[in-house]
There are 2 protein chains.
Amino acid sequence: MDDKQRQIIDQAIVIADEHGIAAVSMRAVGQRLGLSPMAIYPYVRSKDALLDGMVERLLGDLLTMAPGAGGWQDRLRAVSAAVRALARRHPGAYPLIMARPGATAETRRLDDLISDILGAAGVPAAEVPRLERLLSTLLLGFANSEVNGRFGAGPAAGDWDAEFAADLDDEIRLIEQIIGR
Amino acid sequence: MDDKQRQIIDQAIVIADEHGIAAVSMRAVGQRLGLSPMAIYPYVRSKDALLDGMVERLLGDLLTMAPGAGGWQDRLRAVSAAVRALARRHPGAYPLIMARPGATAETRRLDDLISDILGAAGVPAAEVPRLERLLSTLLLGFANSEVNGRFGAGPAAGDWDAEFAADLDDEIRLIEQIIGR
DNA sequence: ACCTGAACACCGTTCAAGT
DNA sequence: ACCTGAACACCGTTCAAGT
């Protein structure tokens, strides 16, 4: 049924994490499931659709992990922690999120979640979309640079948690200024 | 001589901008120069090296455009404008900058330029690397999202200049707070 | 010194066929 | 309803050969 589609996307993510995105091919995914390459086409329109499906799955997992309780500062920290945990769990597949346009349903749900937190903080509605794009760019981009090596060696054996926490504290201060406290 | 290497990278960038990164193949680049695919290998080690060379060329152009005069705020704005102009001139090739690890010489030169501006602003040396990564992530990531469609339709016929200027003003305020004025 | 052509092991995808 | 296999037009890259 449609959990065959889920299996296909799951295996594609496993391949990406183990051997890199370049290793994700219709043939390789089929092989993992004991199927001919052609057997996966009924469940996934094309290779591009498969890659979009992988992004969709990753963001879906992310949204499952992001809790909704607490003050807006803690909610923002929780979303950030969830993104960075996702990147560390899927170092191979994660960069697809930034690489593909991704005007998908789950992308919008993440944007809505961040917008919702900003609204709860008291950010004027006119400023919310701008700050949402600022925060999501910083958040997704930082994890991407970390995972694909753009940052190089790293401060302490590749632990960027402390640095990003400081970045996020700065951005929180910035938001506090905008809402005037 | 070695301007054959430059021609090869130039043509690869043209192909990427006109038909997307996926259209960049050794065969396609060769064809543009009237050469067999194999004739380009002496000048470019591999396809991966070609892609890295494209990033190197793009960042090189960027650094040529980024002026060094004025106050640190204006220098930061100039670098930002240069990055965004680069992305608009190379909408197809630009995403390679975020997609590839790129621990290349030109990447370091961009990092050094931003670090230099932060140092000139009076940011404590211990904070410079963190803020450099924050700014470069935001700057490169914003242009990437803009160019690959992650942001969707856009505020006014795809003009994100005003929005990014506001983001940058916010970050400048943040830096001013850190240096204590 | 510089380039070509054939060949190999891969791709995504179409189509006709099998159960 | 679901899957396979052959085929097509592509890849990156190796190697031996041509001028």
Side-chain angles (χ1 to χ4, degrees), chain A residues 1-58 92-93 95-97 99-102 104 148-149, chain B residues 1-58 92-93 95-97 99-102 104 148-149:
Chain A
M1 321 293 163
D2 244 3
D3 75 348
K4 198 148 230 163
Q5 193 196 50
R6 240 202 31 216
Q7 288 172 35
I8 289 167
I9 293 171
D10 279 350
Q11 289 311 310
I13 290 174
V14 170
I15 293 168
D17 287 333
E18 286 182 356
H19 301 104
I21 295 163
V24 176
S25 70
M26 302 305 256
R27 283 164 159 94
V29 172
Q31 202 167 15
R32 289 247 178 187
L33 295 166
L35 293 173
S36 106
M38 289 306 99
I40 92 180
Y41 275 83
Y43 305 96
V44 149
R45 232 174 298 96
S46 64
K47 169 124 187 236
D48 261 28
L50 173 59
L51 296 177
D52 285 337
M54 292 166 72
V55 172
E56 210 67 341
R57 156 87 77 271
L58 293 176
L96 283 174
I97 292 174
R100 303 192 63 80
T104 66
N148 83 357
Chain B
M1 318 295 166
D2 245 4
D3 76 348
K4 197 148 231 162
Q5 192 195 51
R6 239 201 32 215
Q7 289 171 34
I8 289 167
I9 293 172
D10 279 350
Q11 290 310 311
I13 290 174
V14 170
I15 293 169
D17 287 333
E18 286 182 356
H19 301 104
I21 295 164
V24 177
S25 70
M26 303 304 256
R27 284 164 157 92
V29 172
Q31 202 166 15
R32 289 246 176 187
L33 296 166
L35 292 173
S36 106
M38 288 307 101
I40 92 180
Y41 275 83
Y43 304 96
V44 147
R45 232 175 294 95
S46 65
K47 168 122 188 239
D48 260 29
L50 173 59
L51 296 176
D52 285 337
M54 292 166 72
V55 172
E56 210 67 340
R57 155 88 77 269
L58 293 176
L96 283 174
I97 292 173
R100 303 191 64 80
T104 66
N148 83 358

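Values below: all heavy atoms of this structure, side chains included; hydrogens, waters and symmetry mates excluded. Just so it is clear: chains get the letters A, B, ... in the order the sequence lines come, proteins before strands, and each one is counted from 1. This one's a predicted model, so the numbers in the text were calculated from it and none came from an experiment.
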*Would you kindly give the OH-to-P distance between Tyr41(B) and dG5(C), to the nearest whole Å?*
16 Å
*asked:* What is the separation between atom CG on Leu51(B) and atom C1' on dG12(D), rounded to the nearest whole Å?
replied: 12 Å
*Option passing side chain to side chain contact (heavy atoms under 4.5 Å, CB included) with Gln7(B) (candidates Ile40(B), Leu33(B), Leu35(B))*: Leu33(B)
*Could you check how far CG of Asp2(B) sits from P of dA1(C), rounded to whole Å?*
16 Å
*Side chain of Leu35(B) (C-beta onward), nearest among dT13(D), dT13(C), dC3(C)*: dC3(C)
*Is any side-chain nitrogen or oxygen of Ser36(B) closer than 4.0 Å to OP1 or OP2 of dG5(C)?*
no
*Is the count of non-hydrogen atoms from other residues, nucleotides or ligands lying under 6.0 Å from Arg45(B) atom CZ greater than 12?*
no
*asked:* For Pro42(A) and Arg27(A), find the nucleotide of DNA chain D closest to each by heavy atoms; which residue's nucleotide sits nearer the 5' end?
replied: Pro42(A)
*Can you tell me how far P of dC2(D) sits from CD of Gln7(A), to the nearest Å?*
13 Å
*Between His19(B) (NE2) and dC10(D) (C1'), how many Å, whole number?*
16 Å
*Given dC11(C), dT4(D), dT13(C), which nucleotide is nearest the side-chain atoms of Ser25(A)?*
dC11(C)
*asked:* Nearest whole Å is fine: how far is dC3(C) C1' from Ile8(B) CD1?
replied: 12 Å
*Are any of Lys4(B)'s side-chain N or O atoms less than 4.0 Å away from OP1 or OP2 of dC3(C)?*
yes
_Nucleotide of dC3(D), dT13(D), dG12(C) approaching Lys47(A) most closely (side-chain heavy atoms)_ = dG12(C)
*asked:* By the 4.0 Å heavy-atom rule, please label Met38(B) as base, sugar-phosphate, or nothing.
replied: base
*What is the distance, rounded to the nearest whole Å, between atom CG of Asp52(B) and atom P of dG12(D)?*
15 Å
*Return no unless some side-chain N or O of Tyr43(B) is found under 4.0 Å from OP1 or OP2 of dC3(C).*
yes
*asked:* My understanding is that only one of Ile13(A), Val14(A), Ile15(A) makes a side chain to side chain contact (heavy atoms under 4.5 Å, CB included) with Asp17(A); could you say which?
replied: Ile13(A)
*Tell me the partner of dC15(C), counting only Watson-Crick (N1-N3 plus N6-O4 or O6-N4) or G-U wobble (N1-O2 and O6-N3) with both under 3.5 Å; none if nothing fits.*
dG5(D)
*Met26(B) has a side chain; which of dG12(C), dG12(D), dT4(C) sits nearest to it?*
dG12(D)
*asked:* Within the supplied structure, the quantity of interest is the number of heavy atoms (other residues, nucleotides, ligands) at a distance under 6.0 Å from Glu18(B) CD; does it exceed 12?
replied: yes
_If I take atom CZ in residue Arg45(B) and atom P in nucleotide dG12(D), what distance separates them, rounded to the nearest angstrom?_
16 Å
*Met26(B) and Tyr41(B): which non-hydrogen atoms are nearest, and at how many Å?*
CE-CZ, 3.5 Å
